[in-house]
**Q** 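Sharing a structure below in structure tokens format, with a few things to ask.
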There are 2 protein chains.
Amino acid sequence: MSVGIRHDDLRRRNRAMVISAVRRAGQPSRTEIAATTGLSHSTISAISADLIQEGILTESKASEPTALKRGRPQIGLALNPEAAAVLTVVLSLNFLSVAVIDYAGQVIAEEQRRLDTLVMPRDELIGECLAIVRRRLQDPDLDVSSVARIAMGIQGITDSHSRAMLWSPITPLTDIPFADILEREFGIPATMENDCNMMAVALRWRAPERYRDNFIAILLSHGIGMGLVLKGELFTGTHSSGGEFGHMIHRPGGALCRCGRRGCVEAYAGNYAIWRSAMGISEDAAPIDIGDADMRALAAKARQEDGPEREAYRRAGEALGFGLGSLFALIDPAPVAMVGVSAAAFDLIEPALREAIARTAGGQHSSSISFDTEPNELPLIREGCAMRALTFVDQEIFAPGVQARTDAAGKNVA
Amino acid sequence: MSVGIRHDDLRRRNRAMVISAVRRAGQPSRTEIAATTGLSHSTISAISADLIQEGILTESKASEPTALKRGRPQIGLALNPEAAAVLTVVLSLNFLSVAVIDYAGQVIAEEQRRLDTLVMPRDELIGECLAIVRRRLQDPDLDVSSVARIAMGIQGITDSHSRAMLWSPITPLTDIPFADILEREFGIPATMENDCNMMAVALRWRAPERYRDNFIAILLSHGIGMGLVLKGELFTGTHSSGGEFGHMIHRPGGALCRCGRRGCVEAYAGNYAIWRSAMGISEDAAPIDIGDADMRALAAKARQEDGPEREAYRRAGEALGFGLGSLFALIDPAPVAMVGVSAAAFDLIEPALREAIARTAGGQHSSSISFDTEPNELPLIREGCAMRALTFVDQEIFAPGVQARTDAAGKNVA
DNA sequence: CAGTATTTTTTTGAGGCTCGAAAAAAAGCC
DNA sequence: GGCTTTTTTTCGAGCCTCAAAAAAATACTG
């Protein structure tokens with residue numbers, strides 16, 4: 001269970017620490033790395049010499065006019081873009097997108113495709129995913145052997161081992177072990193994770209000063225999803241990707257949710273719920289998918305006049321507020337990022353949301369809770385997948401340990 | 001932030017690992033320790049020789065008739081009871097209890113006292129706590145200098161640094177930094193933690209086969225509290241002790257809760273709420289404290305005939321069920337321990353609870369969720385405090401590192 | 001009861017790792 | 001060109017863990 005630290009683990013961990021310091025800082029000098037890691041200069045010198053020799057890091061001599069300072073100039077260390085590559089696959093409603101990313105994090109190729117995910121049979125859906133990946137891997141500009149990891153992100157519930165999609169709103173199919181399928185087909189280690197979790201990972205890399213130890217990313221789209229980072233770690237359920245914020249109960253026995261149950265937060269705040277409410281359709285009506293353009297038009301109408309549209313957004317805000325309040329009762333308030341098409345209508349949602357939060361246990365300091373909005377979720381999800389894959393390469397391939405292989409799946413560092 | 005591993009940390013961590021293996025296993029031989037920690041026999045031999053020489057461990061030669069086996073008999077290693085002592089303080093409604101516990105975990109002295117916590121002024125409440133601790137420390141049988149830690153547990157919200165009580169239902173007073181007060185008075189490092197979290201810690205030591213990586217301890221008493229262990233770690237909020245399960249919103253705008261808000265789970269499932277409902281008192285009525293005997297009588301009545309009493313327990317079950325369902329939507333189902341006087345009436349609560357859970361996102365496998373009951377919370381809380389204090393001594397005093405002192409507060413290992 | 005087998009524990013030497021101090025390198029400053 | 005300053009490398013010392021061998025302690029066997 002709890003295992004002692006072997007002597008050889010030491011070097012492994014410190015190698016990983018150096019790589020991670022370089023990835024975070026961009027082009028740190030050896031001295032800076034020594035400062036952030038707390039290791040001695042000699043150790044950093046030895047480790048970075050190894051890493052450079054192995055082609056993982058490079059000395060970015062052209063560090064340019066590094067502020068005319070006295071003394072020997074610092075030599076920046078950078079990730080060698082050619083050390084490896086990773087591939088991201090993002091599958092969302094009617095949309096499939098793939099990107100190839102070099103070891104330094106730059107996109108070097110991408111491809112997107114529209115699909116009818118809601119009606120595709122199992123084989124076809126899997127086939128499309130495999131085909132688009134295969135096309136990218138066959139790109140003559142790409143050295144296939146350098147592709148070290150495939151990270152897939154999907155809207156829906158995944159298992160906690162990052163292997164399979166268990167359930168998803170974008171397809172009636174269930175239990176598709178995408179990670180295993182990709183691994184078997186291409187011989188490249190793969191993972192499959194929840195889209196909102198990937199959003200959270202990406203936010204952490206994008207704006208670490210705001211999103212670091214504790215924060216929440218909420219997807220306001222067809223459904224309501226959540227990615228949660230607590231104490232610097234991505235929070236997942238014990239069996240599944242967890243964080244099914246959208247399916248916390250807002251009103252027991254209330255409106256019909258896409259999941260088939262009643263009274264979920266999503267049944268009041270998902271696109272279909274806002275639409276249903278604005279159009280005066282019964283709360284018992286089966287959820288339908290609304291296009292982004294329609295939602296934008298609805299928001300415009302709600303801004304224009306105080307009618308049922310505005311009331312629909314108010315009710316969505318109330319549901320989100322009570323949900324967040326219950327969540328805050330458990331974890332204390334934290335910064336929130338609202339992502340997705342309805343985040344663009346957050347001005348309509350916010351007043352009722354804040355009012356509801358203020359009436360809950362978590363809302364004692366509701367006015368100090370800060371919200372950010374980001375209408376476009378796709379780039380975030382891809383970025384999260386990329387960082388997830390790259391940190392895997394950093395830790396498990398370039399700083400391998402004895403039990404690397406067994407641990408690989410269970411890691412959870414955001 | 002993320003800090004590299006120094007060479008001297010290695011020995012420190014492995015020392016801690018050995019101590020923890022002995023605490024967990026009781027009287028393991030060196031060979032067993034080598035097996036569980038994964039370290040080599042020589043390393044274990046060297047470390048345990050040190051620990052014995054320092055008086056932290058002892059060879060319990062009298063390991064008795066250790067199953068007639070061939071070969072050199074194993075020598076059991078045990079914690080030396082005299083290596084240190086810790087003191088636990090448990091403060092709950094109208095009740096203060098202190099115990100002195102030796103390094104091996106045995107209670108060597110205790111004292112209990114009735115207080116009127118609800119009406120005591122600040123100075124008096126603090127004074128009583130200090131006085132009872134002082135009396136125990138002045139016991140001539142006790143070597144004061146061996147007392148290495150004081151762990152206090154309290155019903156209410158504490159801060160995440162384990163220093164202060166922020167709010168509590170047992171007193172109108174707020175923000176009492178008990179840990180600092182005790183430290184300053186006695187010069188012994190102290191912590192102050194939430195009672196339900198301590199219950200969870202204790203359950204983990206008592207029955208690790210059932211309560212290990214993921215489980216929930218719920219206190220059903222005057223109020224509703226929760227201790228949550230996820231991935232083997234005690235879950236706390238980011239600022240406070242968190243896990244305010246009792247104050248998740250069950251029905252927006254519903255029954256009046258002791259916290260002053262409306263619709264909390266506690267406002268339907270706390271002792272006062274069950275009483276209010278059974279007696280036909282308005283949901284808007286101010287909460288009153290009900291004695292344990294009255295609650296037991298109420299439960300007896302509810303079992304006897306299908307009247308308002310039974311209905312009150314049914315509604316409590318429903319509130320708990322929806323709350324648990326929302327919680328399970330976030331963290332996936334886990335074993336639950338119901339603790340406290342109303343846990344003795346769990347037979348009345350369970351049917352409605354299971355029914356409600358089944359109607360939530362977390363309830364897909366509601367029938368497989370298992371509940372345990374334990375009517376007496378006090379021994380659990382004390383045990384948790386003791387284990388918390390002892391593991392601190394294990395890790396920070398007997399396996400000290402450079403930054404031991406700064407880390408001390410922030411630790412969170414259950 | 002002595003010798004052998006078996007298992008646990010200790011000892012010993014080798015190899016690695018990190019650290020501090022000193023040396024070397026590479027610039028600006030005067 | 002020499003001096004100062006800062007960064008990086010080199011080197012020897014000190015620990016730590018490990019594997020293998022040795023020692024210790026008991027049961028079995030004839």
Side-chain angles (χ1 to χ4, degrees), chain A residues 3-18 21-22 25 27-53 57-77 399 401-402, chain B residues 3-18 21-22 25 27-53 57-77 399 401-402:
Chain A
V3 120
I5 301 180
R6 301 275 200 51
H7 202 224
D8 29 333
D9 281 352
L10 229 168
R11 191 47 171 283
R12 195 189 118 249
R13 293 196 191 202
N14 286 340
R15 265 176 75 104
M17 194 79 36
V18 170
V22 175
Q27 292 206 340
S29 70
R30 292 169 174 79
T31 312
E32 281 175 60
I33 299 175
T36 61
T37 60
L39 297 170
S40 74
H41 287 190
S42 20
T43 304
I44 300 299
S45 197
I47 292 177
S48 49
D50 284 357
L51 292 174
I52 289 169
Q53 206 255 312
L57 297 185
T58 53
E59 291 193 340
S60 67
K61 206 142 222 165
S63 177
E64 309 272 330
T66 45
L68 296 186
K69 272 194 316 185
R70 261 191 157 185
R72 180 173 175 171
Q74 302 189 354
I75 306 169
L77 293 179
V402 192
Chain B
V3 120
I5 301 180
R6 300 275 200 51
H7 200 229
D8 28 334
D9 281 352
L10 228 167
R11 190 48 170 279
R12 193 189 119 250
R13 294 195 189 202
N14 287 340
R15 267 176 75 105
M17 193 79 37
V18 170
V22 175
Q27 291 206 340
S29 69
R30 291 170 175 80
T31 312
E32 282 175 60
I33 298 174
T36 61
T37 59
L39 297 169
S40 74
H41 288 190
S42 19
T43 304
I44 300 300
S45 197
I47 292 177
S48 50
D50 285 358
L51 292 173
I52 289 169
Q53 205 257 311
L57 298 185
T58 53
E59 291 193 339
S60 68
K61 207 140 223 167
S63 175
E64 308 274 328
T66 44
L68 298 186
K69 273 194 314 183
R70 259 190 158 184
R72 180 173 176 171
Q74 303 188 352
I75 306 170
L77 293 179
V402 192

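Keep in mind it's a predicted model, so treat the numbers as computed, not measured.
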**Q** Using a 3.5 Å distance criterion without hydrogens, assess whether the side chain of B:Arg15 forms a donor-acceptor pair with backbone atoms of B:Asp50.
**A**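 It does not hold such a pair.
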
**Q** Check whether any side-chain N or O of A:Thr31 sits under 4.0 Å from OP1 or OP2 of D:dT8, and answer yes or no.
**A**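 Yes, A:Thr31 has a side-chain N/O under 4.0 Å of OP1/OP2 on D:dT8.
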
**Q** To the nearest Å, how far apart are A:Arg72 CZ and D:dT10 C1'?
**A**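 Distance check: A:Arg72 CZ to D:dT10 C1' gives 12 Å.
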
**Q** Starting from C1' on D:dT10, measure out to CZ on A:Arg30 and report it in whole angstrom.
**A**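 Taking CZ of A:Arg30 and C1' of D:dT10, I get 14 Å after rounding.
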
**Q** Scan nucleotides 13-19 of chain D nucleotide by nucleotide, 5' to 3', and note B when protein non-hydrogen atoms come under 4.0 Å of the base, S if they reach only the sugar-phosphate, - if neither.
**A** -BBBSBB

**Q** Verify whether one side chain among A:Ser45 and A:Ser42 offers a donor that lies under 3.5 Å from an acceptor in the other.
**A**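 No, no side-chain donor-acceptor contact under 3.5 Å.
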
**Q** Between P on D:dT10 and CD1 on A:Ile44, what's the gap in Å once rounded to a whole number?
**A**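 Distance check: A:Ile44 CD1 to D:dT10 P gives 15 Å.
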
**Q** May I ask you to decide if A:Ile75's main-chain N or O and A:Ser29's side chain share a donor-acceptor pair within less than 3.5 Å?
**A**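 No, because the side chain of A:Ser29 does not come within donor-acceptor range (under 3.5 Å) of the backbone of A:Ile75.
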
**Q** Report the C-alpha separation of B:Ile33 and B:Leu77 in whole Å, then their side-chain angles, then the decisive distance to 0.1 Å, and conclude whether the side-chain contact (heavy atoms from CB on, under 4.5 Å) test is met.
**A** CA-CA 9 Å; B:Ile33 298 174; B:Leu77 293 179; 3.8 Å; yes

**Q** To the nearest Å, give me how far apart CZ (A:Arg70) and P (D:dT5) are.
**A**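 About 6 Å, once rounded to whole Å.
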
**Q** Round to a whole Å and report the spacing from CD1 of B:Ile75 to P of D:dA24.
**A**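 Computing the B:Ile75:CD1 to D:dA24:P distance gives 13 Å.
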
**Q** What is the separation between atom CD1 on B:Ile33 and atom P on C:dT8, rounded to the nearest whole Å?
**A**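 Interatomic distance, CD1 of B:Ile33 to P of C:dT8: 13 Å.
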
**Q** Any sub-3.5 Å donor-acceptor pair from A:Ser48's side-chain atoms to A:Ile44's backbone N or O?
**A**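 Yes, A:Ser48 side chain to A:Ile44 backbone: donor-acceptor pair under 3.5 Å.
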
**Q** Is B:Ser29 close enough to C:dT8 that one of its side-chain N or O atoms is under 4.0 Å from OP1 or OP2 there?
**A**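 No, no such contact exists.
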
**Q** Taking side-chain hydrogen bond (donor to acceptor under 3.5 Å, both in side chains) as the test, write out the residues that go with B:Thr58, two or more places apart.
**A**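 Once residues adjacent in sequence are excluded, B:Thr58 has no partner under the side-chain hydrogen bond (donor to acceptor under 3.5 Å, both in side chains) criterion.
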
**Q** Would you mind telling me which residue lines up with the more 5' stretch of DNA chain D, A:Gly71 or A:Ala49, judged by nearest nucleotide?
**A**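 Its nearest nucleotide being more 5', the pick is A:Gly71.
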
